[in-house]
Amino acid sequence: MTSITNMKNLLLSSLLIIIGFCASPGTYAWGTKAHRVIGMIAEDRLTPAAQAAVNEILAGDDIVEATIWADRMRDAQDNPDFWRGYASNWHYVNIAPGEDYASSEKDPRGDAYMALQTFSAILLDEPVPSGPIKEGLELYFGQLDTKRMEVRQFALKFMLHLLGDLQQPLHSGYESDRGGNDVTLEWFGRSTNLHSIWDTLLLEQQDRSAEQIARRLNERIDHTPASDIRNMESSDPQVWMKESQRLLGRIYARHSRNKKLNDSYTAEFVPTVELQLVKGGLRTAYFLNSIFGGWPVGNQ
């Protein structure tokens with residue numbers, strides 16, 4: 001009996017390992033570590049007014065943990081049709097090669113740019129703009145004006161996530177390959193996809209905690225000229241998308257030459273990932289300071 005029980009436990013453990021190994025983080029956004037790093041960098045740069053407003057809206061939740069809330073809710077049983085079938089489209093934008101966001105075909109259920117604009121309006125206490133994001137929120141909440149605080153908390157948590165997502169180049173990617181999810185590659189001998197590499201694997205390869213990475217990047221920011229900081233803080237998300245489009249040219253050219261990726265790939269692109277994390281932290285702080293701290297959006 002004991003040997004049979006042990007065999008069952010072994011089979012169950014093996015199955016769980018296989019499931020965990022095969023699950024594709026690329027179907028989600030930046031990995032947890034990347035979002036946490038961005039949140040830590042941003043938190044250090046909030047004005048007192050912005051910090052107080054964020055704390056009030058989050059009602060005791062930690063800003064760093066709030067950056068990953070939108071991903072965690074995808075697996076929630078709370079209205080799964082909304083989280084998986086509607087709001088999942090709000091984590092990215094699709095831009096065809098050679099186009100920009102303005103000229104690209106828009107998702108009828110909304111995208112990250114539309115969501116960011118809508119959440120900004122909610123947090124600024126402005127009228128919620130009509131469109132698919134408002135329709136999705138009404139699907140989730142019902143009448144928005146009767147649940148003001150819940151809607152504001154939702155908007156802030158989702159915004160914190162999107163401000164990170166839009167720094168990941170594949171989140172301004174091509175619909176034809178689902179932002180790199182359909183591009184199969186070999187990563188240190190393991191089969192994966194391009195999106196997963198940029199979401200999690202490049203950063204995980206460093207074997208450092210989010211706290212260690214954030215501390216090192218904060219030190220780098222502290223020694224960066226103020227003019228460079230202002231350039232990176234650009235508050236226009238369409239500028240970020242254009243940056244991603246330029247990066248995609250490098251990324252696709254690189255893996256088209258060699259689909260077996262290893263140390264040479266990390267040496268080339270980990271600095272790019274770290275720069276995107278820096279931008280994500282600075283831009284998140286800038287956005288929140290603009291909304292809550294009295295900084296006019298776009299005041300460079």
Side-chain angles (χ1 to χ4, degrees), residues 29-30 32 34-73 90-91 112-129 133 137 148-168 171 210-211 213-215 217-218 220-222 224 226 228-241 243 275-300:
W30 277 105
T32 297
H35 279 290
R36 286 175 56 81
V37 169
I38 289 171
M40 291 174 195
I41 293 172
E43 189 172 31
D44 286 346
R45 287 162 176 79
L46 295 181
T47 65
Q51 183 70 70
V54 168
N55 290 342
E56 179 182 0
I57 295 172
L58 292 181
D61 288 348
D62 179 75
I63 184 174
V64 175
E65 293 304 316
T67 63
I68 58 178
W69 171 83
D71 267 353
R72 287 179 170 171
M73 290 302 291
W90 300 353
H91 293 252
Y113 182 77
M114 296 181 203
L116 198 55
Q117 299 305 303
T118 302
F119 298 151
S120 295
I122 290 170
L123 295 172
L124 287 164
D125 283 325
E126 296 175 348
V128 180
I133 309 303
L137 292 175
R148 179 176 178 275
M149 287 310 299
E150 293 96 323
V151 173
R152 283 171 63 79
Q153 186 175 86
F154 181 107
L156 177 56
K157 287 184 175 181
F158 219 127
M159 172 183 277
L160 285 167
H161 188 78
L162 294 185
L163 289 166
D165 274 355
L166 285 174
Q167 314 312 318
Q168 208 274 57
H171 279 262
E211 290 76 11
I213 296 171
R215 190 180 308 117
L217 295 182
N218 267 321
R220 183 187 303 178
I221 294 170
D222 290 339
T224 300
D228 291 346
I229 297 295
R230 286 194 296 272
N231 288 334
M232 285 190 285
E233 282 177 335
S234 169
S235 61
D236 184 353
Q238 292 200 49
V239 172
W240 314 344
M241 297 177 208
E243 291 176 357
L275 178 59
Q276 295 305 108
L277 296 180
V278 167
K279 289 178 178 178
L282 293 174
R283 289 167 176 173
T284 297
Y286 190 92
F287 241 77
L288 297 180
N289 288 335
S290 299
I291 292 172
F292 301 120
W295 293 9
V297 175
N299 179 24
Q300 297 293 317

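- Of all heavy-atom pairs between A210 and V37, the closest is O-CG2, 3.6 Å.
- What you find for A285 and L46 is that their closest heavy atoms are CA-CD2, 3.9 Å.
- For the pair L277/L217, a side-chain contact is recorded, criterion being any heavy-atom separation below 4.5 Å from C-beta on.
- Scanning both residues, L162 and A115, for their nearest heavy atoms gives CD1-CB, 3.6 Å.
- Two residues are said to be in side-chain contact when any heavy atoms from C-beta on lie closer than 4.5 Å; L137 and I122 meet this criterion.
- Side-chain contact between H35 and L160: absent, with no pair of heavy atoms (C-beta onward) separated by less than 4.5 Å.
- Shortest non-hydrogen contact noted between I38 and G164 is CD1-CA, 3.7 Å.
- Looking only at side-chain heavy atoms (C-beta outward), E43 and Q51 come within less than 4.5 Å of each other.
- To the nearest 0.5 angstrom, L116 atom CG is 10.5 Å from D165 atom CG.
- Annotation: the span from R152 atom CZ to L58 atom CG amounts to 11.0 Å, rounded to 0.5 Å.
- Residue E56 qualifies as open at atom CD: its count of foreign heavy atoms under 6.0 Å is 12 or below.
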Check step by step if side-chain contact (heavy atoms from CB on, under 4.5 Å) holds for I133 and V128. CA-CA 9 Å; I133 309 303; V128 180; over 6 Å; no

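- The CD atom of E65 sits 4.5 Å away from the CZ atom of R36 when rounded to the nearest 0.5 Å.
- Between T67 and V64, the closest heavy-atom pair is OG1-O, 2.6 Å.
- M114 has its side chain out of reach of P129: every pair of non-hydrogen atoms, C-beta onward, lies at least 4.5 Å apart.
- To the nearest 0.5 Å, the span separating CG on L275 from CE on M232 amounts to 6.5 Å.
- Annotation: side chain of R148 is in contact with side chain of D125 (closest heavy-atom distance under 4.5 Å).
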Would L288 and I63 count as a side-chain contact (heavy atoms from CB on, under 4.5 Å) if you check the C-alpha gap in whole Å, the side-chain angles of each, and the deciding distance to 0.1 Å? CA-CA 11 Å; L288 297 180; I63 184 174; 4.2 Å; yes

Does the pair M73 and K157 meet the rule for a side-chain contact (heavy atoms from CB on, under 4.5 Å), with working shown? CA-CA 11 Å; M73 290 302 291; K157 287 184 175 181; over 6 Å; no

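- Here the CE atom belonging to M241 is positioned 10.0 Å from the CD atom belonging to Q167, to the nearest 0.5 angstrom.
- Annotation: salt bridge (Lys or Arg N to Asp or Glu O under 4.0 Å) contacts of D222 (sequence neighbours excluded): R45.
- Rounding to the nearest 0.5 Å places CG of D71 at 7.0 Å from OG1 of T32.
- In terms of heavy atoms, A121 sits closest to P127 at CB-O, 3.8 Å.
- Counting heavy atoms from C-beta outward, H161 and W69 have side chains that stay 4.5 Å or more apart.
- Between Y286 and L163, the closest side-chain pair of non-hydrogen atoms is not below 4.5 Å.
- Take F158 and apply the ring-ring contact (aromatic ring centres under 6.0 Å, His included) test, not counting sequence neighbours, and it matches W90, H91, F119, F154.
- When atom types are taken as modelled, the side chain of D61 and the backbone of A66 share no donor-acceptor pair closer than 3.5 angstrom.
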